[in-house]
Amino acid sequence: MDVLIKNLGLLINATLIATPPLLLAALGSCFSERSGVVNIGIEGMMTIGAFTGAVMGLVLGNGWAAFFCAGLAGAAFGVIHAVACISFHADQTIAGTAINFFGPGLAVFLCKAMFDNSSDTPAMDPSCKLPKLFEGVFPVGSFWNNVLNVYSAAYLVFILAFVCWFVFYKTKFGAHLRAVGEHPEACESLGIDVYKVRYICVILSGFLAGLGGAFVTLATINQFRPSVIVGQGFIAIAAVIFGKFSPGGAMKACLLFGLCNGIKTLAAQSNTVSPNLISMIPYIVTILALVLFVGKAHTPAANGKIFVKSK
Amino acid sequence: MNKKKSILESNVFYTLIAIAAGFLIGAVFLMIAGISPATAYGKLLSSVFGKPKYLVWTLIYASPLIFTGLSVAFSFRTGVFNIGAEGQFVVGSLAACTIGILVDLPAWIHVPLCILAAAAAGMVWSLFVGLLKVKRGIHEVLSFIMFNWIAFYLSNYVVNLKIIHKEGGGEATKDVLDSAKILFPEGLQKALDCSSANWGFIMALVAAAVIWVIIEKTTLGYKLKAVGYNSHGALYGGINADASVLTALGISGALAGLGGAVQILGMAGRLSQFAGQEGFGFEGITVALIGSSSPIGCIFSGIFYGAMKYGGSKLSMVKAPSEVVNIIMGCVILFIAISQVFRMLFARFTKKEGK
């Protein structure tokens with residue numbers, strides 16, 4: 001029984017550690033996709049965020065400041081995507097693919113240039129990382145300590161999901177961004193600046209993806225390595241579709257995928273099931289969900305379509 | 001005829017501008033990193049053209065990329081977007097590797113068997129997605145991304161299976177049996193001064209020629225292009241759009257699978273555990289874009305990318321990070337993606353001039 005409770009605690013803990021990066025990126029993806037811009041460059045934006053977070057953590061020695069800088073770096077890539085897709089009418093999938101080349105390439109390039117040709121940044125002192133909220137409150141090894149032994153940003157992310165839900169469904173901007181993704185021509189005739197709304201959403205998606213990447217390097221581990229972001233960006237996109245393009249749905253999907261990751265972490269210790277097989281679960285679940293619930297999941301109508309402003 | 005030629009020329013023109021812009025931005029980042037672009041690009045050039053055997057290496061690097069490039073280009077021409085060439089490449093290499101290790105046959109049947117298995121694996125992987133698209137209306141880009149990652153973990157799973165894993169640690173499979181390898185005969189290898197020289201590039205040339213014939217000279221190619229151009233119109237003209245999409249995706253997947261076979265049976269000789277996606281499929285997107293989605297263009301752009309990859313791998317000798325190649329290529333794709341606008345502006349500009 002004790003072992004069971006202990007393992008349950010560890011499982012919840014692993015889930016709470018794996019979910020925030022996915023959720024941050026997924027919330028960003030919600031903004032972009034709902035406004036009608038496909039962003040598969042999330043993965044590249046997360047990598048650049050992860051790198052920036054690790055470097056700024058070393059430079060500034062303050063986790064929160066580094067976290068914010070990583071968001072800005074992601075936002076910079078959001079600007080590139082927005083300019084290419086919105087102003088220059090580029091194919092959105094291809095522009096995203098370009099960012100997935102450019103982002104990780106730049107991150108490792110700069111890393112090697114800064115740290116004596118090493119593709120890893122030096123390990124950070126714990127004081128440079130994001131703080132833990134419940135450090136030392138519960139006795140070591142107890143259930144609650146196992147569960148709550150996560151970085152404070154993790155809690156913030158769930159609050160952020162609620163904020164996003166509020167923005168989406170309770171504010172004027174939210175109504176605009178949802179409308180812009182469905183029928184930009186109609187919006188334009190009503191005087192909504194389609195380009196402006198989309199720019200804000202795409203840049204925001206870069207910002208949040210950058211934060212998601214930085215969560216990995218500033219909380220989960222303590223350095224940047226080329227392998228820190230392996231597919232999280234794509235899982236986030238899967239979560240958004242699985243969650244029917246809403247922040248709440250994306251949060252549930254991210255928790256589910258985070259749980260898969262938690263199971264993977266535990267299974268890797270017990271060595272019973274191959275972690276590679278468990279890693280497939282989020283992708284297979286997404287495919288199955290699409291097959292079973294197709295028609296119910298409504299894709300924003302103008303998603304991926306080029307919108308040319310009338311003069 | 002004249003008009004056709006001028007379009008082709010403009011494609012090449014914009015592609016060259018995009019490549020130049022990519023190198024320019026790469027140079028900026030090299031300078032930021034305190035590395036002289038002249039040194040780095042000089043090294044890049046000398047490591048490709050310095051010796052005849054370097055050129056052989058470039059072609060070895062180019063072979064799988066031409067295949068994935070053809071795969072993506074074929075999908076572009078037929079109106080679908082095969083962003084899943086990555087996964088098809090992986091299952092193709094997995095099939096070739098498994099059969100290359102576990103089945104012991106004489107070379108004349110072993111090699112074709114491995115190659116066919118790889119093409120079939122890539123085709124099946126792509127057809128899954130095609131069926132989801134046709135039967136359930138699920139957008140192919142999304143399911144391709146999912147299938148890429150399923151292939152990724154499937155490959156890592158199989159690599160670690162006891163029956164195929166190389167004993168004594170390491171993170172790779174055993175070597176493919178000699179009877180399954182597509183290396184050049186020893187005499188030719190000696191003449192080229194390269195022990196990895198293989199038939200891959202010749203196979204890629206043949207594949208490009210076959211795909212060119214299919215697209216340009218056959219009814220099948222005409223149908224597939226018609227559906228890609230306007231599926232409603234094609235339906236009205238009596239073409240079965242669903243069957244066409246499946247055919248297009250099947251051929252595209254088989255090409256990517258073949259690329260995997262060439263990589264395993266030619267250069268690599270074994271399958272290693274992945275830390276991150278290998279990128280052959282994504283690089284295929286670049287190859288297809290640079291080659292303007294033409295099979296013949298893919299040969300040249302594949303060689304270009306092969307040269308960049310091979311040359312890039314030597315950049316560490318001058319203390320320049322090889323990732324500059326990814327930066328350059330990312331920029332090239334981005335510029336090709338936005339070149340449409342410049343083309344429109346240019347057209348408008350020249351029209352006004354004409355008036």
Side-chain angles (χ1 to χ4, degrees), chain A residues 38 40 44 80-81 83-85 87-95 97-114 116-117 119 225-227 229-231 234-235 237-238 241 274-280 282-284 286-287 290-292 294-295 299 303-304 306, chain B residues 29-30 32-35 81 83 128 132 135-139 141-143 145-150 152-161 274-277 279 282-283 285-286 289 316 319-342 344:
Chain A
V38 173
I40 65 163
I80 297 178
H81 192 61
V83 170
C85 294
S87 297
F88 285 97
H89 315 310
D91 183 298
Q92 295 167 5
T93 313
I94 292 174
T97 306
I99 286 178
N100 284 340
F101 267 96
F102 189 57
L106 183 63
V108 181
F109 176 87
L110 291 177
C111 188
K112 284 184 175 173
M114 287 162 131
D116 201 22
N117 235 353
S119 60
R225 293 191 292 264
S227 60
I229 303 295
V230 185
F234 291 109
I235 293 202
I237 296 171
I241 294 155
S274 159
N276 285 317
L277 290 182
I278 297 171
S279 299
M280 288 182 202
Y283 305 104
I284 295 174
T286 307
I287 298 274
L290 287 169
V291 171
L292 296 175
V294 74
T299 315
N303 215 5
I306 291 164
Chain B
F29 280 109
L30 283 167
I32 291 174
I35 301 154
F81 182 19
I83 196 173
F128 276 134
L132 289 173
K135 298 279 175 205
R136 288 290 182 166
I138 298 166
H139 199 280
V141 167
L142 175 68
S143 20
I145 291 175
M146 303 300 132
F147 272 85
N148 283 347
W149 287 99
I150 297 174
F152 175 90
Y153 289 112
L154 180 70
S155 176
N156 276 357
Y157 174 69
V158 174
V159 166
N160 284 307
L161 288 180
F274 304 129
Q277 282 185 328
F282 293 115
E283 286 155 8
I285 300 173
T286 318
L289 284 171
S316 57
K319 294 238 154 70
S322 58
E323 281 72 20
V324 73
V325 170
N326 290 1
I327 296 179
I328 295 172
M329 287 308 189
C331 290
V332 172
I333 312 178
L334 203 61
F335 285 119
I336 292 180
I338 63 177
S339 69
Q340 202 60 37
V341 162
F342 293 108
M344 264 160 43

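Chain identifiers are assigned alphabetically (A, B, ...) following the order of the sequence lines, protein sequences preceding nucleic acid strands; residue numbering begins at 1 within each chain.
A tilted orientation is assigned to the rings of A/F234 and B/W149, their planes being inclined by 30° to 60°.
Of the atoms belonging to A/S274, it is side-chain heavy atoms, and not backbone ones, that fall under 4.5 Å from chain B. Residue contact with chain A, scored on non-hydrogen atoms closer than 4.5 Å, is absent for B/I336. Heavy-atom distances place the side chain of A/I80, and not its backbone, under 4.5 Å from chain B. At a 4.5 Å heavy-atom cutoff, the contact between A/I40 and chain B is made by side-chain atoms alone.
A/K112 places a side-chain heavy atom less than 4.5 Å from the side chain of B/S322. Side-chain contact between B/T286 and A/F101 is present, with heavy atoms from C-beta onward closer than 4.5 Å. A/F102 is not listed as a side-chain neighbour of B/L334, based on a closest heavy-atom distance of 4.5 Å or more.
Chain A forms the most heavy-atom pairs under 4.5 Å with one residue out of B/P321, B/G330, B/S339, B/C331, and that residue is B/P321.
Summarising the geometry of A/N117 relative to B/K319, their closest heavy-atom pair is ND2-CA, 4.2 Å, with the distance given to 0.1 Å. Across B/E323 and A/G105, no two heavy atoms sit closer than the pair CB-O, 3.4 Å. Residue A/A98 comes nearest to B/I333 through the heavy atom pair CB-CB, 3.8 Å, listed as atom of the first residue, atom of the second, then distance. Shown here for B/I338 and A/A90, the closest heavy-atom pair between the two residues is CG2-CB, 3.7 Å.
Atom CG in B/N326 sits 11.0 Å away from atom CG in A/N100 (nearest 0.5 Å).
When B/F152, B/Y153, B/F147 are each tested for a side chain to side chain contact (heavy atoms under 4.5 Å, CB included) with A/Y283, only one passes: B/Y153.
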